[in-house]
> 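Handing you this structure, nothing more for now.
Scope of the values below: all heavy atoms of this structure, side chains included, with no hydrogens, waters or symmetry mates. Note that the structure is predicted; figures quoted are calculated from it, not measured.
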2 protein chains.
Amino acid sequence: MEAKLRPDALPLPTIRRYPVYLRAVRARRARGEANVSSAALAAELGLDPVLVRKDLAMSGVAGKPRVGHSSAALEAALEAALGWDNVSDAALVGAGSLGRALLGYRGFREQGLSIAVAFDGDPALDGLEIRGVRVRPMKDLVRLVRRLSLRLGILTVPEEAAQACADLLVAAGVRGIWNFAPVQLDIPPGVVVQNMDLAQSLAVLSHSLETAAIPSPARARRP
Amino acid sequence: MEAKLRPDALPLPTIRRYPVYLRAVRARRARGEANVSSAALAAELGLDPVLVRKDLAMSGVAGKPRVGHSSAALEAALEAALGWDNVSDAALVGAGSLGRALLGYRGFREQGLSIAVAFDGDPALDGLEIRGVRVRPMKDLVRLVRRLSLRLGILTVPEEAAQACADLLVAAGVRGIWNFAPVQLDIPPGVVVQNMDLAQSLAVLSHSLETAAIPSPARARRP
DNA sequence: TTCAATACGATATAAAAATATCGATATAAA
DNA sequence: TTTATATCGATATTTTTATATCGTATTGAA
């Protein structure tokens with residue numbers, strides 16, 4: 001009868017939770033658990049069981065009562081939903097300290113991401129190899145990105161340079177930009193931008209630090 | 001009559017947008033603009049004007065028709081709401097590449113944050129000074145953090161070490177933890193955790209890259 | 001074989017957030 | 001002075017997301 005509850009568009013918050021589920025499922029699978037129950041995941045992650053159940057249901061894999069979901073199937077489905085099943089190569093722009101930190105992050109491979117080449121405006125870095133990735137001058141960006149047909153650009157330059165570099169990436173035919181600069185980029189439609197703003201995250205923290213400052217120390221977050 | 005619309009708790013999405021507004025307001029003020037209109041901000045940031053207006057209203061500063069809001073007052077109010085008006089010192093745990101990148105980030109001062117001391121388990125780093133911040137061994141963490149009465153901990157260690165380091169920070173009396181490790185920390189109530197998960201951000205990007213792949217190129221994001 | 005418990009699936013309700021609409025007010029131009 | 005308009009403030013509506021509830025299927029134990 002095939003009556004899967006599968007809306008064509010997954011809710012954004014669900015997408016954001018998928019990597020969290022995926023990590024947990026992978027860990028359990030590595031531990032030899034062939035099946036994962038949504039309730040167990042919810043308990044481990046401190047989330048509402050219903051929420052987890054709904055999220056998993058939207059991945060398309062069915063679960064069996066008293067057993068849970070096949071962890072292998074879940075892992076595959078989550079990866080597919082995220083587009084992490086086939087590794088895609090990216091170009092990193094800005095080989096400063098943040099750029100280098102990203103170059104050194106081993107976890108990207110598990111997230112379908114591999115940095116193929118880096119660019120930097122500083123001539124001193126030209127030709128340098130950082131963690132197995134060669135740094136190229138900016139003037140080669142459009143040509144190289146196009147030749148390697150990279151779909152993704154990672155922007156780790158100072159905010160003054162961000163828009164100009166983004167324009168180069170777009171000119172090179174990139175489909176998405178992961179922007180670490182605290183700037184609202186002006187990008188033509190068709191290219192997806194995801195901002196990674198430290199300030200936004202810090203805002204939530206320091207605000208709740210400010211407000212939840214004095215009150216009673218005994219108060220559970222989740223009942 | 002004093003009928004300010006001021007809910008005691010600001011919506012989380014509003015909090016997240018505050019740093020974005022703040023940056024824009026600061027830039028305009030630096031350019032000599034004494035007043036900022038919500039409509040202009042909305043246009044600059046690509047947001048809905050009503051949304052911006054509501055967000056700004058919740059900061060408590062009133063705007064005047066045909067003029068806008070006083071940019072000085074707005075800046076102060078936003079900073080106050082975020083708790084960025086008085087700089088607070090933080091402890092950084094994990095002086096690896098990501099930790100160093102954060103140590104090198106100049107923007108933190110504008111966000112009310114200053115890293116006072118760093119810790120790392122690697123004895124080779126003991127005593128090293130990075131960007132003016134001394135690296136200390138882990139065994140000194142609780143004592144030093146307590147003595148400096150630091151309220152905030154920044155966690156940039158590998159995921160295996162994250163929970164143990166978080167426990168140390170909590171033991172040292174920290175009120176909030178900014179967690180860059182991809183782990184769900186188990187933290188007692190009273191201590192606020194804000195996760196900065198690269199994977200979650202990348203998830204949104206690669207998913208929309210995946211879904212919005214083939215369709216028509218001409219499609220505006222905001223009408 | 002029967003029964004109880006677990007965990008899923010679906011529906012319903014509630015909460016939160018974004019968007020739309022309308023009226024009021026202060027400023028600048030006529 | 002008058003009038004038009006930009007812009008705010010408030011209310012209403014819609015959409016999105018989260019939570020609660022109920023029924024049912026499957027398994028493992030009695």
> What nucleic acid atoms does A:Arg17 come within less than 4.0 Å of, heavy atoms only: base, sugar-phosphate, or nothing?
sugar-phosphate
> For nucleotides 28-30 of chain D, give me every protein contact, N/O to N/O, under 3.5 Å, one pair per line with atom names.
none

> Please check if the side chain of B:Ser88 supplies one atom and the backbone of B:Leu113 the other of a donor-acceptor pair under 3.5 Å.
no
> In this structure, how many angstroms lie between the C1' atom of D:dT17 and the CG atom of A:Leu10, rounded?
13 Å
> Expressed in angstrom and rounded to an integer, what is the separation of B:Leu56 atom CG from D:dT7 atom P?
13 Å
> Identify, between B:Lys64 and A:Pro13, the residue whose nearest nucleotide on DNA chain D lies closer to the 5' end.
B:Lys64
> Taking atom P of C:dC8 as reference, at what distance in whole Å does atom NZ of A:Lys54 sit?
15 Å
> Pairing check on C:dT21: which nucleotide meets the Watson-Crick or G-U wobble criteria with it, both distances under 3.5 Å?
D:dA10
> Rounded off to whole Å, could you give me the CG-to-P distance for the A:Leu41 and C:dT6 pair?
18 Å
> Using a strict heavy-atom distance below 4.0 Å, which residues from residues 68-81 of chain B are in contact with DNA chain C?
none
> C:dC8, C:dT27, D:dC8: which one has an atom nearest the side-chain heavy atoms of A:Pro65?
C:dC8
> Go ahead and name the base partner of D:dA4; Watson-Crick or wobble counts if both distances stay under 3.5 Å, otherwise write none.
C:dT27
> Report the distance from atom CG of B:Leu47 to atom C1' of C:dT19, rounded to the nearest whole Å.
13 Å
> Can A:Arg23 and A:Glu44 be counted as an ion pair, charged N to O under 4.0 angstrom?
no
> Tell me the interatomic distance from B:Met58, atom CE, to D:dG9, atom C1', rounded to whole angstroms.
13 Å
> State which of C:dG9, D:dC8, C:dA18 makes the closest approach to the side chain of A:Arg53.
C:dG9
> Select one nucleotide: of D:dA20, D:dT27, D:dT21, the one nearest the side-chain heavy atoms of A:Asp48.
D:dA20
